[in-house]
Amino acid sequence: QKMPKGQIICINGEWYDENTTKIKYDYSGKQGCLYIEPSSINIFTRFQNLQCLELIHCLLHSVPDLPPSLKYLDIYGNFIVTLSIKHPYLETLKCDNSWVKSLTLATPNLTELYLSMNKIAELDKLPPKLQILCCGINPITRLDSLPLGVVRLVCNNYQLSSLDFLPHYVEYVRCSKNQIASLTKLPKSVRYLDCRFNKITDFNHLPPNLRELHAYGNPIILADDLP
């Protein structure tokens, strides 16, 4: 097929010109997968205005080179065992369900990070401006080096025994299906707490700003002093 004048790449039968701001390829629910040949893996750097790139279920084993303009990257459902990204302006990264075991992120402006359903055992040296971290269903046993700006945290299905590591300004916490026994050191800023299926007996002395609590599946003994 002849390439139209002024347009530089065809993905899934659709031509994109060099000024496009969004490219999306989602092969979920379809037979087979998109395979990006090694010779074409860095084609996205030619899109100098690209801000949003979604490559879902594309059989990726590494992250392609990214243009400096990119703000949003979704690489859900791939096979990226070692996740390594260096990008000065990326703000949102989604890499759920991609077999990730280790990650190195040189992304100083990243504010949202989604890493659920992977194989990550340790999660440290996170980007300093991070505000949203969703990393449930990983074999993580501790999260004690979270950036101070995190306000939303999803860490369900771990082996966590404590929430003492929470940043001072966190507002939303989902930590169901862990081994947590105490909530006495929660930050006052917490407004939403989902702590179902843990080992918590005492629900007194919860944060004063708490507005929504999900506590089913705990051996509750004390709950006389709810906010």
Side-chain angles (χ1 to χ4, degrees), residues 9-16 20-47 50-67 69-87 89-107 109-127 130-141 143 150 152-159 172 174-178 194:
I9 189 172
C10 179
I11 300 178
N12 196 28
E14 183 174 354
W15 292 99
Y16 295 92
T20 191
T21 60
K22 180 178 180 178
I23 293 176
K24 179 177 181 179
Y25 195 92
D26 185 349
Y27 223 94
S28 13
K30 303 176 183 178
Q31 290 184 349
C33 285
L34 171 69
Y35 174 69
I36 301 176
E37 296 183 4
S39 60
S40 302
I41 196 69
N42 299 324
I43 192 68
F44 302 106
T45 59
R46 297 169 62 184
F47 296 96
L50 189 65
Q51 296 188 18
C52 176
L53 178 60
E54 300 179 39
L55 298 173
I56 301 169
H57 287 291
C58 289
L59 283 180
L60 294 177
H61 290 267
S62 63
V63 179
D65 283 356
L66 307 171
S69 57
L70 199 69
K71 304 289 187 183
Y72 179 102
L73 177 63
D74 188 346
I75 44 178
Y76 178 98
N78 286 286
F79 298 94
I80 306 174
V81 175
T82 300
L83 176 63
S84 179
I85 297 179
K86 183 178 181 180
H87 196 287
Y89 305 114
L90 191 67
E91 296 177 356
T92 299
L93 172 60
K94 295 186 175 182
C95 192
D96 301 304
N97 194 27
S98 287
W99 295 88
V100 177
K101 288 186 176 180
S102 64
L103 65 157
T104 302
L105 299 178
T107 50
N109 282 293
L110 197 73
T111 58
E112 299 186 24
L113 179 58
Y114 301 84
L115 293 169
S116 296
M117 296 180 290
N118 281 296
K119 307 294 181 181
I120 302 167
E122 294 185 5
L123 199 55
D124 52 12
K125 297 181 181 179
L126 292 169
L130 201 62
Q131 298 178 12
I132 297 175
L133 176 60
C134 297
C135 50
I137 315 179
N138 278 285
I140 295 175
T141 57
L143 278 173
V150 171
R152 186 181 182 95
L153 175 65
V154 177
C155 56
N156 54 296
N157 291 78
Y158 282 3
Q159 293 296 316
Y172 180 103
R174 283 179 54 194
C175 57
S176 59
K177 296 183 179 180
N178 279 285
D194 180 354

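Heavy-atom basis, side chains included; hydrogens, waters and symmetry copies ignored. Bear in mind the structure is a predicted one, so any value in this text is a computation, not a measurement.
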Please walk me through it: do Thr21 and Phe47 pass side chain to side chain contact (heavy atoms under 4.5 Å, CB included)?
CA-CA 8 Å; Thr21 60; Phe47 296 96; over 6 Å; no
Which residues pass the salt bridge (Lys or Arg N to Asp or Glu O under 4.0 Å) test with Lys22, not counting sequence neighbours?
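Partners of Lys22 under the salt bridge (Lys or Arg N to Asp or Glu O under 4.0 Å) test: Glu54.
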Excluding sequence neighbours, so at least two apart, what forms salt bridge (Lys or Arg N to Asp or Glu O under 4.0 Å) with Asp74?
none
Side chain to side chain contact (heavy atoms under 4.5 Å, CB included) partners for [X], two or more places apart:
X	value
Lys125	none
Thr92	Tyr72, Lys94, Glu112, Tyr114
Ser98	Asn78, Cys95, Val100, Asn118
Ile137	Met117, Asn156, Asn157

Aromatic plane relationship, Phe79 with His61 - under 30° parallel, 30 to 60° tilted, over 60° perpendicular:
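Rings of His61 and Phe79: parallel, under 30°.
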Supply the atom-to-atom distance [X] [atom1] to [Y] [atom2], rounded to the nearest 0.5 angstrom.
X	Y	atom1	atom2	result
Lys71	Leu53	NZ	CG	14.5 Å
Leu70	Asp65	CG	CG	12.0 Å
Asn97	His57	CG	NE2	6.5 Å
Asn138	Gln159	CG	CD	12.0 Å
Leu55	Asp26	CG	CG	10.0 Å
Cys52	Ile23	SG	CD1	9.5 Å

Closest non-hydrogen atom pair between Cys135 and Leu123, with its separation
SG-CD2, 3.8 Å
Shortest non-hydrogen separation from Asp96 to Cys134 and the atoms involved:
OD1-O, 4.5 Å
When the side chains of residues 80-87 are checked against the rest of the protein, which donor-acceptor pairs come out under 3.5 Å, sequence neighbours left out?
| from | atom 1 | to | atom 2 | distance (Å) |
| --- | --- | --- | --- | --- |
| His87 | ND1 | Tyr89 | N | 3.1 |
| His87 | ND1 | Leu90 | N | 3.0 |
| His87 | NE2 | Pro67 | O | 2.7 |

Please step through side chain to side chain contact (heavy atoms under 4.5 Å, CB included) for the pair Ile75 and Ile56, ending with a clear verdict.
CA-CA 5 Å; Ile75 44 178; Ile56 301 169; over 6 Å; no
Counting C-beta onward and ignoring hydrogens, is there a side-chain heavy-atom pair between [X] and [Y] closer than 4.5 Å?
X	Y	result
Leu66	Phe44	no
Ile132	Thr111	no
Ile120	Ile140	yes
Leu93	Thr107	no

Please check if the side chain of Ser69 supplies one atom and the backbone of Leu50 the other of a donor-acceptor pair under 3.5 Å.
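Between the backbone of Leu50 and the side chain of Ser69 there is a qualifying donor-acceptor contact (under 3.5 Å).
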ring-ring contact (aromatic ring centres under 6.0 Å, His included) partners for Tyr158, two or more places apart:
none
Mark yes when over 12 heavy atoms from residues, nucleotides or ligands other than Lys101 sit less than 6.0 Å from its NZ; otherwise mark no.
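No, not enclosed.
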Side chain to side chain donor-acceptor pair (under 3.5 Å) partners for Asp194, two or more places apart
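With neighbours one apart ignored, the set is Arg196.
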Check against side chain to side chain contact (heavy atoms under 4.5 Å, CB included), Leu133 and Leu126:
CA-CA 10 Å; Leu133 176 60; Leu126 292 169; 4.0 Å; yes
